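These numbers were taken from a predicted model, which means no experiment stands behind them.
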Amino acid sequence: MTQPDLNKLDAEQLRALVTQLMGNAAEQQVEVQALQQRTERIEQRNQHLEAVNAKLSHELLLLRRLKFGKQSEKLDSLQRSLLEDIIDADTSAIEQQWADLVKDEPINNKPKTQPKRVALPAELPRTLIRHEPQNTHCQCGCQLKRIGEDISEKLDYTPGVFSVEQHIRGKWICTDCETLTQAPVPAHVIDKGLPTTGLLAHVLVAKYADHLPLYRQEHIFGRAGYPIARSTLADWVGRCGHALQPLADALRDTILNHPVVHADETPVPVLEPGKKKTSRAYIWAYCTTPYADTKAVVYDFAPSRAGEHARRFLEGWQGKLVCDDYSGYKASFGQGVSEVACMAHARRKFFELHESSKSTLAVTALEQIGRLYEIERQAKGLDEQQRHILRQQRAKPIADELHTWLVASRQKVPDGTATAKAIDYSLKRWGALIRYLDDGGVPIDNNQVENQMRPWALGRKNWLFAGSLRSGRRAAAVMSLIQSARLNGHDPYEYLKDVLARLPTQKASAINELLPHSWSPEKAVNV
């Protein structure tokens, strides 16, 4: 468009031209404002997309660090074999439980025919154990005469070698009053059973501590010269699990007598009844702190992660619970339980942030938290009072400085970013995170119980799933005793061997004497 010659325009034409130019300027101003607004919206969207991209990149890197198990829920031949073992063990446990309930009631039913036990191989080495009456004089005063003996054999096992315990019970008779005297049959956790308590302890430790399924143990025993059917091994496991349950219950009561308890949970696959697939159950772990005199852990198997299971376990207990931020514990905090958050979880958020983005902010946070842990290392050997004083003098100023820095840093970070989430995790739980500063008996983190979850993580790779709720609870009870024995420095095999030998005659009122923290090798009986 050509510009008009202003010298040739009259006054009216000039006024019209000015009006037109002013209108064009106004329109251009509106267009400029619209473009500015659009540019601002694009910049905001770009910032949002950058934050989302950073968040997704962070999550992707975390997912790459995780190891996932097999996704298919279809049962293969190996899984079906494991399931048969579990069913046999559950059946034996139910039969033993029913026998305990009705043992004092008369039974008129005709006893079922029991299969005849095959004699143990003659080539196995034998240890003779004689059982004779303490007194060989009759009540009438006459000397008893030995007229024979009863011999029973039990199968024993030390790694790689089978042997036989031959129990000989002499028969003594008084020729005058014709009274027969004989030493009683030694009590056994499996009445009239073939295995010694040593063999039972070996099967339990191999299954629950070394994570060897019963089909593998069957092959191992076969190589040692005496194959034992999986159904027989499952029967032993079920009966022993039932017998050991009172000890696990007593261990729970012992832990809940402490004012500070750790808690954590981890998923465990469990087979759904009547279906060829698994669902997710959970193992809940509760243990004493590293500062407690009693070292114990107890596992609770539950069909879900619902908070009701934690409330049921902790029912009536009021103390300080060291746990992660799982919402299932929240209801207990309104019932007299105090929350103690885990500093390791807060640190982990910044560590993951540093691993994914090399954030300098994360480095600063890690350094500050590291100073708190350095003080904890120095306080490890102190008593509760000394530890509390040290924390107040040295750790509290560091924690206050860290909190101030987190608040200031959060104001500079956009919402929704990985950095914002890492900071928010700590700020939202700050009161629970620093609660350990006010009590020398409270640990800084929840690592104690997380370490006790490692056997379950390892076991999942071997036994694949729990076959039923009953088998899960049995595993929880036995592993509670095995892991507690380890915490107290005991050999789980020696511990279970002695406990299984003493259980049949142990008084219920003295059951605590058999708990791992009360037991010692010197107290073991010779069996």
Side-chain angles (χ1 to χ4, degrees), residues 95-96 99-100 102-158 161-203 226 228 232 235-236 239-240 242-243 494 496-511 513-514 519 521-527:
E95 290 177 350
Q96 186 63 44
D100 292 345
V102 302
K103 63 182 178 181
D104 296 329
E105 298 180 6
I107 300 177
N108 298 322
N109 295 334
K110 184 179 179 180
K112 63 180 180 179
T113 303
Q114 295 289 342
K116 186 176 180 180
R117 180 180 297 165
V118 179
L120 294 174
E123 63 271 15
L124 293 180
R126 278 162 168 76
T127 301
L128 303 185
I129 302 176
R130 298 187 178 276
H131 306 274
E132 303 293 353
Q134 294 181 354
N135 187 357
T136 57
H137 286 80
C138 182
Q139 294 180 353
C140 66
C142 297
Q143 176 68 38
L144 297 177
K145 181 180 179 182
R146 200 174 193 276
I147 61 171
E149 60 191 19
D150 288 334
I151 300 177
S152 61
E153 295 187 333
K154 289 187 178 295
L155 184 65
D156 197 15
Y157 179 81
T158 55
V161 179
F162 276 109
S163 60
V164 178
E165 284 186 359
Q166 196 171 71
H167 294 261
I168 303 174
R169 299 166 54 236
K171 296 180 180 179
W172 297 75
I173 189 172
C174 176
T175 55
D176 288 346
C177 61
E178 298 182 351
T179 300
L180 178 66
T181 301
Q182 191 174 28
V185 177
H188 197 270
V189 68
I190 299 180
D191 190 29
K192 301 180 182 179
L194 173 69
T196 63
T197 54
L199 178 54
L200 292 176
H202 177 84
V203 172
Y226 189 79
I228 304 175
T232 301
D235 176 77
W236 297 349
R239 294 182 184 278
C240 289
H242 172 73
E494 295 294 340
L496 284 181
K497 178 182 177 182
D498 181 58
V499 166
L500 290 173
R502 295 165 60 181
L503 258 181
T505 57
Q506 187 76 7
K507 295 182 179 179
S509 59
I511 196 71
E513 295 177 0
L514 301 183
W519 184 87
E522 292 75 17
K523 297 179 181 179
V525 297
N526 294 322
V527 293

Subject >> Pairwise side-chain contact, Ile228 with Leu155, heavy-atom cut-off 4.5 Å (strictly under) >> reply: yes
query = Do Leu180 and Lys171 touch side chain to side chain, with heavy atoms closer than 4.5 Å?
reply = yes
To the nearest 0.5 Å, atom OG1 of Thr179 lies from atom CD1 of Ile173 at 8.0 Å
d(Lys154 NZ, Lys192 NZ) to nearest 0.5 Å is 11.0 Å
Distance col, row Ile511:CD1 vs Arg502:CZ, nearest 0.5 angstrom, shows 10.0 Å
Distance col, row Gln166:CD vs Leu128:CG, nearest 0.5 angstrom, shows 5.0 Å
Given the options Leu194, Leu200, Leu199, Thr196 meets side chain to side chain contact (heavy atoms under 4.5 Å, CB included) only with Leu199
Here the pair of heavy atoms bringing Pro195 nearest to Ile190 is CG-CD1, 4.5 Å
For Glu494 and Trp519 the tightest heavy-atom approach is O-CZ2, 3.9 Å
Contact between Asp498 and Thr197 at the side-chain level, heavy atoms closer than 4.5 Å - yes or no? no
One should read off an interatomic distance between His188 NE2 and Leu500 CG, to the nearest 0.5 angstrom, of 8.0 Å
So CG of Leu514 and CG of Leu503: to nearest 0.5 Å the spacing works out to 5.5 Å
| task | Report yes or no: does Arg169 contribute a side-chain atom to a donor-acceptor pair with the main-chain N or O of His131 at less than 3.5 Å? | result | no
